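Everything numeric in this text was worked out from a predicted model, so none of it was measured.
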2 protein chains.
Amino acid sequence: MGRGRHAGYDDQREAILAQSARLFADRGYAGTSMAMVAAACGLSKATLYHYWPDKDALLFAIADGHVQRLQALVAQPPAPRAGARERLATLIAQLVQHYAGAQDAHRVLTAEVRFLPPALRERMLAGEREVVAAFADAVAAVRPELREAALAKPLTMLLFGMVNWMHTWLRPEGPLDHAALAPVVAELFLGGLGAVTGPAPTVRPGLAAPAAAGAPGGQPG
Amino acid sequence: MGRGRHAGYDDQREAILAQSARLFADRGYAGTSMAMVAAACGLSKATLYHYWPDKDALLFAIADGHVQRLQALVAQPPAPRAGARERLATLIAQLVQHYAGAQDAHRVLTAEVRFLPPALRERMLAGEREVVAAFADAVAAVRPELREAALAKPLTMLLFGMVNWMHTWLRPEGPLDHAALAPVVAELFLGGLGAVTGPAPTVRPGLAAPAAAGAPGGQPG
DNA sequence: CCTACCGATCGGTAGG
DNA sequence: CCTACCGATCGGTAGG
């Protein structure tokens, strides 16, 4: 609550953020005018500028809020006595579930952040790198030799690809929703993790189908 | 070669397409002006309009050409005596390799096609659906019971997510390139495919860690 | 009468 | 919190 500002000032700021997130997600940042944002909020353009200084500030607030919630998610301590596979499966499920409730912000983050001025964009990317690093740690805990092969981060990015792409084809009203898909993503990724043999030169096509290895444990010992 | 048009007319059209693909990919469709496209081609804006009727035509030609090349890729007959797993691994490798040489068109297709007028966009999406259906068939050939569980297409979309997201983090000058990553994607997806148990209600948490099932074959019998 | 282009400008709208 | 504007730039087209 701002000092000396009327009750509901912060609510109005948040409402504007939600409307602009929807518009930026649907029409793109460059394709959305401040007049559209104002109209969607039932405000004049001048009133809109009373709550937010400029268009970039809206974009940054949408994306930064989303990334901060992802950082809070990965900062949660793992369940006691949880194995590495269980820890990773939990993180994946939480990521998918979080995206289900933040689809506009997520689409803005993945598609429109490139339009931010470099300084603001760099602050965003620093937060994003923290989230990716936490997932890469969880991946490496399942198969530590992948980190030495420099594959922990690439595999983590393949995982993020699966999840970040879901909004393009998953229909909320369809038979399959985020909640039903979360365990499928975890099974697919964890199952595949056991099958990855290493970087390209390590692949030995002479053995049995390399993609089908999948030793259930995958723990170092 | 157009009748009565000077030599190089079609070359000029293609050169304009390549420049606009790069600009649309970097700055977005709405964020790119026809003046920028003209300047990048060393042409006046009026000359640019001599080669292409309007901005939408550029966007459609970029995206449609890309989709047509993907359709040609999946239309190739599989290698004789290739198993279902080998067929899918080949398709994945070809998809990744194709994207490596068409990054601008790919980014435009995935991020900017929403700005096309509905009629043109629908033509694009029809082509895209064909490509997805071909991959879903290859997925279902590996594990036919997944089609009955309505998971063949969702899993195919998770695969496309991994591949469509690569451009956001894969640096061409980095140690890992598309060629090195293609077999990793194939291993991860094919390995994971054997571990997927079915739709949500089928998951039985009472058994050993569900994500670790991974019977190597995964065939119905 | 064609093509291949030019400099200049059209009616509207952008963010602020 | 609104009307009234600004400098500039938008996609597209004029005559020659």
Side-chain angles (χ1 to χ4, degrees), chain A residues 2 4-17 19-21 23-24 26-62 108 112-121, chain B residues 1-17 19-24 26-63 108 112-121:
Chain A
R5 271 154 176 162
H6 77 286
Y9 178 86
D10 291 325
D11 289 346
Q12 183 66 281
R13 276 172 61 92
E14 285 304 312
I16 292 168
L17 226 45
Q19 290 295 332
S20 40
L23 286 165
F24 293 170
D26 288 345
R27 318 175 44 97
Y29 180 68
T32 303
S33 71
M34 289 298 266
M36 293 177 195
V37 175
C41 300
L43 302 173
S44 72
K45 222 167 38 156
T47 304
L48 170 60
Y49 277 96
H50 173 68
Y51 289 98
W52 290 96
D54 54 38
K55 203 183 177 190
D56 284 346
L58 290 175
L59 178 55
F60 179 76
I62 293 163
V108 171
E112 312 296 336
V113 158
R114 58 182 163 157
F115 296 116
L116 273 179
L120 291 179
R121 194 174 60 230
Chain B
M1 300 300 159
R3 301 146 295 270
R5 271 156 178 160
H6 79 289
Y9 178 87
D10 291 326
D11 289 346
Q12 183 66 283
R13 276 173 62 91
E14 285 303 313
I16 291 167
L17 226 48
Q19 290 295 331
S20 40
R22 186 178 53 79
L23 285 166
F24 292 170
D26 288 346
R27 318 176 46 97
Y29 180 67
T32 303
S33 71
M34 289 299 265
M36 293 176 195
V37 175
C41 299
L43 302 173
S44 73
K45 217 165 45 148
T47 303
L48 169 60
Y49 276 94
H50 173 70
Y51 289 99
W52 289 95
D54 54 40
K55 203 184 176 188
D56 284 344
L58 290 175
L59 179 54
F60 179 76
I62 292 163
V108 171
E112 311 297 334
V113 158
R114 57 181 165 158
F115 296 115
L116 272 179
L120 292 178
R121 194 174 59 230

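- The line from OG of Ser33(A) to NZ of Lys55(A) is 7.0 Å long, rounded to the nearest 0.5 Å.
- For the pair Tyr29(B) OH and dC10(D) C1', the computed distance is 12 Å after rounding to whole Å.
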Cut-off 3.5 Å, no hydrogens considered: what does the side-chain donor-acceptor table look like for residues 40-47 of chain B, sequence neighbours left out?
unit_1   : atom_1 : unit_2   : atom_2 : d
Ser44(B) : OG     : Thr47(B) : N      : 3.1
Ser44(B) : OG     : Thr47(B) : OG1    : 2.9

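- For the side-chain hydrogen bond (donor to acceptor under 3.5 Å, both in side chains) test, no residue two or more places apart in sequence or in another chain qualifies with Arg121(A).
- The closest side-chain heavy-atom distance from Trp52(A) to Leu17(A) is below 4.5 Å.
- Look at CZ on Arg13(B): it is 14 Å from P on dT3(C), rounded to the nearest Å.
- Atom-to-atom, CG of Leu48(A) to P of dC2(D) comes out at 11 Å; the value is rounded to the nearest Å.
- For the pair His50(B) NE2 and dG12(D) P, the computed distance is 17 Å after rounding to whole Å.
- For Arg114(B), the salt bridge (charged side-chain N to carboxylate O under 4.0 Å, His left out) test picks out Glu112(A), with sequence neighbours left out.
- Under the ring-ring contact (aromatic ring centres under 6.0 Å, His included) criterion, Tyr51(B) pairs with Tyr9(B), sequence neighbours left out.
- For Asp56(A), there are no salt bridge (charged side-chain N to carboxylate O under 4.0 Å, His left out) partners two or more places apart in sequence or in a different chain.
- Contact between the side-chain N/O atoms of Tyr51(B) and the OP1/OP2 oxygens of dA4(C) is not found at any separation under 4.0 Å.
- Going from atom CG of Leu58(A) over to atom P of dG16(C) covers 10 Å, rounded to whole Å.
- Looking at residues two or more places apart in sequence or on another chain, you find no side-chain hydrogen bond (donor to acceptor under 3.5 Å, both in side chains) involving Asp54(A).
- Using P as the reference atom, dG12(D) and dA8(C) are 22 Å apart when rounded to the nearest Å.
- When rounded to the nearest whole Å, the span between CG of Asp54(B) and P of dG11(D) equals 11 Å.
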**OP:** Both distances under 3.5 Å, Watson-Crick or G-U wobble: on that basis, could you give the dot-bracket string for DNA chain C, with [ ] for crossing pairs and | for other-strand partners?
**Re:** .....|.|.||.|.||
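- With sequence neighbours excluded, the residues forming a side-chain contact (heavy atoms from CB on, under 4.5 Å) with Ala30(B) are Ala30(A), listed by chain and number.
- Taking atom OH on Tyr9(A) and atom C1' on dC1(D), their separation rounds to 13 Å, with Å as the unit.
- The stretch residues 32-47 of chain A comes close to DNA chain D through Ser44(A), Ala46(A), Thr47(A), each having a heavy atom under 4.0 Å from the strand.
- The nearest whole Å value for the distance from the CD atom in Gln12(B) to the P atom in dT3(C) is 17 Å.
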